[in-house]
Asker: 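Quick one: this structure, given as C-alpha cells, is what I'll be asking you about.
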Amino acid sequence: MPELPEVEVTRRGIAPHLEGRRIEAVVVREGRLRWPVPEALARCLPGQAVTAVRRRAKYLQLDTAAGTLWIHLGMSGSLRILTRTAPPGRHDHVDLVCGGVTLRYNDPRRFGAWLWQAAGTPPPLPGGADHGLGLEPFDPAFTGAHFHAATRTRSAPVKQVLLAGDVVVGVGNIYASEALFRAGIHPARAARRIGQARYERLAGAIRDVLAQAIDQGGSTLRDFVDSRGEPGYFQQSHQVYGRTGQPCVRCGTPIRQLRQGQRSTWYCPRCQR
DNA sequence: CACGACTCCTGCTGGC
DNA sequence: TGCCAGCAGGAGTCGT
C-alpha cells in the first residue's frame, strides 16, 4: 500500500512521460473517490502542458499554467503509463490522456483523490495554505532538534505522532514500526518523554528506511510503462512489521504486536524502550 | 490545542 | 466447501 516510497517511485516513473507534454483529455469513468472528482479537471486541463510532476507528503502534484492537479493514492490507488490504448479494467476510474500516452488511475477501495487547485488559489486541502502537513523527511530542516521541539506538548504515543503527519510526513504504518525499531524507541512511549538525542536517531532511522524502500522500489519499478505497477519494496525484509512471535533480528526476543488507534504496531520488547 | 474514535471501500484471510 | 467476521491501509472529521 502506498506509503511515501511508493508515491515517490510512482512520481519518478510517470514524470518522464508527462513533463513537457500537453494534456489532451481527462476521462472520468467513476468520479466517486474520497471526494467527487471535480468537473473542473475536464474543463481546465485539456490544452495545458504539464510543467512539472512533484510530490508533497503522499500527494502527487501535476503542475500546469492553469493550476495544479493533486493526486492521492489513498490505500489502494496506483498509476501507470499506457503507451497504447487498452480497454479499461475493473477499478480503472480515471484516465489522463497526455502527449500520446495515457496515465491510468486504478483504485479498488476508492480512498484516493483527484483534486484541482486553480492557479493562484490555496491547495485543495483542509487548512488551506499549509494544510497542517509536517516537514518532508528529506528536508534538511527535519532534524532531531526540530522533532524534539515539535513534540514538547505531545503526550500521545510516539507511534501515533508519527502517523499523524503534522510533525513529519510520509511515515505510514509499516515504516513507523520499522523506524522505531531501528531507533530503539518503544512505540507506546509518550512523544514528549523522548530526548533530543533519541529524536536525532529516529529522524535518521526514518530517512534511512524510506530511502532504502525508494531504492528497492525503484529497482523493480524501472519497467513502469505498461507494467502493473507492482511495488518492489514489498519484498524488502521488514525487521518487525508483521513478524509477531518471530525472533528479533538483533536479540532473538519474540516480536510483539499491539493495537494503537485501531492499528497494529510491531516491536521488540527488549531492544525498544 | 491535543487526542482518539470513527469513517470512507473492497478484497483477502482465517476460523468454524 | 462455504460463509462471514475481521482486518488492512491513509487521513479527514468530529466529539471530548
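By convention in this document, chain letters (A, B, ...) are assigned in the order of the sequence lines, proteins followed by strands, and residues within each chain are numbered from 1. Treat the numbers as computed from the prediction; the structure is a model and nothing was measured.
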Asker: Between A/R32 and A/E30, is there a salt bridge with N-O shorter than 4.0 Å?
Answerer: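 Yes, this pair counts.
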Asker: Nearest whole Å is fine: how far is C/dG10 P from A/Y175 OH?
Answerer: 11 Å
Asker: Between A/F111 and C/dG10, do the rings stack, that is, sit under 5.5 Å apart with planes less than 30° off each other?
Answerer: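 Stack criterion met.
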Asker: Would you mind reporting whether A/I185 and A/I194 have side-chain heavy atoms less than 4.5 Å apart?
Answerer: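 The answer is yes; the side chains approach within 4.5 Å.
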Asker: Any base atoms under 4.0 Å from A/R32, or only sugar-phosphate, or nothing? Heavy atoms, all strands.
Answerer: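 Answer is nothing: A/R32 stays at 4.0 Å or more from every strand.
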Asker: A/N173 pairs by side chain to side chain donor-acceptor pair (under 3.5 Å) with which of A/R263, A/K159, A/E3, A/E178?
Answerer: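 Between A/N173 and the candidates, side chain to side chain donor-acceptor pair (under 3.5 Å) is satisfied uniquely by A/K159.
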Asker: When you compare the protein's N or O atoms with those of nucleotides 12-16 of chain C, which come within less than 3.5 Å of each other, and at what distance?
Answerer:
| from | atom 1 | to | atom 2 | distance (Å) |
| --- | --- | --- | --- | --- |
| C/dG12 | OP1 | A/Y59 | OH | 3.0 |
| C/dG12 | O4' | A/R34 | NH2 | 2.7 |

Asker: State whether A/S155 places a side-chain N or O below 4.0 Å from either non-bridging phosphate oxygen (OP1 or OP2) of B/dC3.
Answerer: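 Yes, A/S155 has a side-chain N/O under 4.0 Å of OP1/OP2 on B/dC3.
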Asker: Could you give the angle between the helix axes at the two ends of the helix from B/dA2-C/dT16 to B/dC16-C/dG2, with five pairs per end, rounded to 10 degrees?
Answerer: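 The end axes of the helix from B/dA2-C/dT16 to B/dC16-C/dG2 are about 50° apart, to the nearest 10°.
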Asker: Ignoring backbone atoms, establish whether A/H91 has a side-chain N or O less than 4.0 Å from OP1 or OP2 of B/dC9.
Answerer: no
Asker: Give one of base, sugar-phosphate or nothing for A/R192, where a contact means two heavy atoms less than 4.0 Å apart.
Answerer: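 A/R192: no heavy atom of the nucleic acid under 4.0 Å.
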Asker: Once ring-ring contact (aromatic ring centres under 6.0 Å, His included) is applied, what residue pairs with a partner in residues 242-273 of chain A remain, sequence neighbours excluded?
Answerer: A/H186-A/Y267, A/Y241-A/W266
Asker: For B/dG11, does OP1 or OP2 lie under 4.0 Å from any side-chain N or O of A/R90?
Answerer: yes
Asker: Out of C/dG10, B/dG11, B/dA2, which nucleotide sits closest to the side chain of A/R154?
Answerer: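 For A/R154, the side-chain atoms sit closest to B/dA2.
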Asker: Ignoring the backbone of A/T153, work out which of B/dG4, B/dA2, B/dC9 is nearest its side chain.
Answerer: B/dA2
Asker: At under 4.0 Å, does any side-chain N or O of A/R110 touch on OP1 or OP2 of B/dT10?
Answerer: yes
Asker: Salt bridge between A/D92 and A/R29, side-chain N to carboxylate O under 4.0 Å?
Answerer: no
Asker: Expressed in angstrom and rounded to an integer, what is the separation of A/Y105 atom OH from B/dC9 atom P?
Answerer: 14 Å
Asker: Given the structure, check if the side chain of A/R263 and the base of B/dG4 hold any donor-acceptor pair shorter than 3.5 Å.
Answerer: no
